[in-house]
There are 2 protein chains.
Amino acid sequence: MKLGRMNHLGYAVPDLSAAIAHYRDVMGAEVVTEPFDMEEQGVKVCFVNTPGHDGTEGTQVELLAPLSDASPVANFIAKNPLGGQHHVCFEVPDIEAARAEFEGMGKRILGPTRIGAHGTPIFFVHPKDMLGMLTEIMETPKEGAHWSN
Amino acid sequence: MKLGRMNHLGYAVPDLSAAIAHYRDVMGAEVVTEPFDMEEQGVKVCFVNTPGHDGTEGTQVELLAPLSDASPVANFIAKNPLGGQHHVCFEVPDIEAARAEFEGMGKRILGPTRIGAHGTPIFFVHPKDMLGMLTEIMETPKEGAHWSN
């Protein structure tokens with residue numbers, strides 16, 4: 001496996017509107033994508049776009065807020081009431097090949113490969129096998145699909 | 001202020017060599033910078049380079065390990081023994097202008113502006129004013145100085 005682009009930093013927040021206002025008003029974000037629900041994961045999600053080098057797209061900040069008290073992110077917020085880093089996501093060219101590699105290394109993968117917030121297949125690797133960092137592995141979106149949902 | 005490039009994600013680890021091995025062997029990192037001590041901050045530091053779009057430089061992972069038990073990062077590791085996200089760093093074109101803006105917004109800045117690990121001026125903003133995220137603001141390195149220490 002070859003280290004891919006850091007697609008996004010997943011950040012859990014108690015209040016999505018307040019977090020969007022923070023990124024717009026304090027940090028000066030110009031593009032925040034429209035929030036949408038990921039019912040299965042129990043979260044409302046949006047992305048803050050950041051610039052990369054030379055006019056390219058940079059690593060996004062994914063803001064995640066719990067949809068209900070039953071959301072796994074609700075537990076995270078209970079422990080981190082202001083918000084906190086939830087996961088980091090790196091791209092790979094081929095999700096099945098990456099999954100086989102992580103499995104071959106004995107890394108614990110959390111659940112099946114599924115379609116993530118960018119519409120491409122993803123899986124999560126257990127933080128205990130990843131320096132404490134919940135890690136999302138995401139198949140690189142096809143050319144032209146960057147930064148879409 | 002306009003949101004700048006996410007320069008790096010600061011990640012605290014208990015053992016720098018083990019973390020470098022993880023990034024090389026598990027994640028497939030090709031370039032990890034030579035570790036060096038930042039005595040004043042009580043940390044040993046190196047950067048894992050990640051690719052950006054179109055051959056550009058992506059957001060780095062900064063690995064931080066405590067130099068001694070007296071290091072502020074040692075407390076962080078005591079609470080997060082495997083490691084964990086420590087801060088996130090965004091670039092600005094002018095550090096003094098950015099500092100004045102954060103101060104004007106009533107954000108708590110941690111100490112004086114100083115020279116950071118990339119050799120450019122930086123300051124940190126208190127996580128309690130930043131959605132729980134310890135935030136480093138860093139003046140963009142001059143052209144040609146990317147990814148150097």
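In the text below, chain A, chain B and the rest are named by the order of the sequence lines, each starting its count at 1. Reckoned from all heavy atoms, side chains included, excluding hydrogens, waters and symmetry mates.
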Undergrad: Between B:M133 and chain A, with a heavy-atom cut-off of 4.5 Å, which part of the residue counts as in contact: side chain, backbone, both or neither?
TA: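 The answer is both parts of B:M133.
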Undergrad: Please check: side-chain N/O of A:Y11 versus main-chain N/O of B:L131, any donor-acceptor pairing under 3.5 Å?
TA: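 Confirmed, A:Y11 side chain pairs with B:L131 backbone.
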Undergrad: Please name the pair of heavy atoms, one in A:L3 and one in B:N49, separated by the smallest distance, quoted to 0.1 Å.
TA: CD2-O, 3.6 Å
Undergrad: Would you indicate whether the side-chain heavy atoms of B:R5 and A:T50 approach each other to under 4.5 Å?
TA: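 Sidechains of B:R5 and A:T50: no contact.
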Undergrad: Counting C-beta onward and ignoring hydrogens, is there a side-chain heavy-atom pair between A:H8 and B:T59 closer than 4.5 Å?
TA: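 No - every pair of side-chain heavy atoms lies 4.5 Å or more apart.
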Undergrad: Within a strict 4.5 Å, meaning less than it, do heavy atoms of the B:M130 and A:M27 side chains meet?
TA: yes
Undergrad: At a 4.5 Å cut-off on heavy atoms, which part of B:D129 comes close to chain A: side chain, backbone, both, or neither?
TA: backbone
Undergrad: Is B:M38 linked to B:L67 within one hydrophobic cluster, defined over Ile, Leu, Val, Met, Phe, Trp and Tyr using a side-chain heavy-atom separation of less than 4.5 Å?
TA: no
Undergrad: Using the rule that two of Ile, Leu, Val, Met, Phe, Trp, Tyr join whenever any of their side-chain heavy atoms come within less than 4.5 Å, decide whether A:I109 and A:I137 are in one cluster.
TA: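 Yes.
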Undergrad: To the nearest 0.5 Å, what is the distance between OG1 on B:T140 and NE2 on A:H53?
TA: 8.0 Å
Undergrad: Under the side-chain contact (heavy atoms from CB on, under 4.5 Å) rule, what do A:M105 and B:V26 come out as? Steps first, then yes or no, please.
TA: CA-CA 8 Å; A:M105 290 185 284; B:V26 177; 3.9 Å; yes
Undergrad: Can you tell which of B:G28, B:P14, B:G132 has the highest number of heavy-atom pairs within less than 4.5 Å of chain A?
TA: B:G28
Undergrad: Hey, quick one: are B:M138 and B:V48 part of the same hydrophobic cluster, counting side-chain heavy atoms closer than 4.5 Å, chains of contacts allowed?
TA: no
Undergrad: Would you please go through residues 80-96 of chain A and name the residues with a non-hydrogen atom below 4.5 Å from one of chain B, in numerical order?
TA: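 Answer by number: A:L82, A:G83, A:G84, A:Q85, A:V88, A:F90.
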Undergrad: Between B:K128 and chain A, with a heavy-atom cut-off of 4.5 Å, which part of the residue counts as in contact: side chain, backbone, both or neither?
TA: both
Undergrad: With clusters defined by side-chain heavy atoms of hydrophobic residues (ILVMFWY) lying less than 4.5 Å apart, directly or transitively, does A:V43 cluster with A:L16?
TA: no
Undergrad: Identify whether A:L9 and B:Y23 are in the same connected component of the hydrophobic contact network (ILVMFWY, side-chain heavy atoms under 4.5 Å).
TA: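 Yes.
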Undergrad: Give the minimum heavy-atom separation between A:P51 and B:G4, together with the two atoms involved.
TA: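 Shortest heavy-atom contact: CD-O, 3.5 Å.
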Undergrad: Could you check if a side-chain atom of A:V61 sits within less than 4.5 angstrom of a side-chain atom of B:M6, using non-hydrogen atoms only?
TA: yes
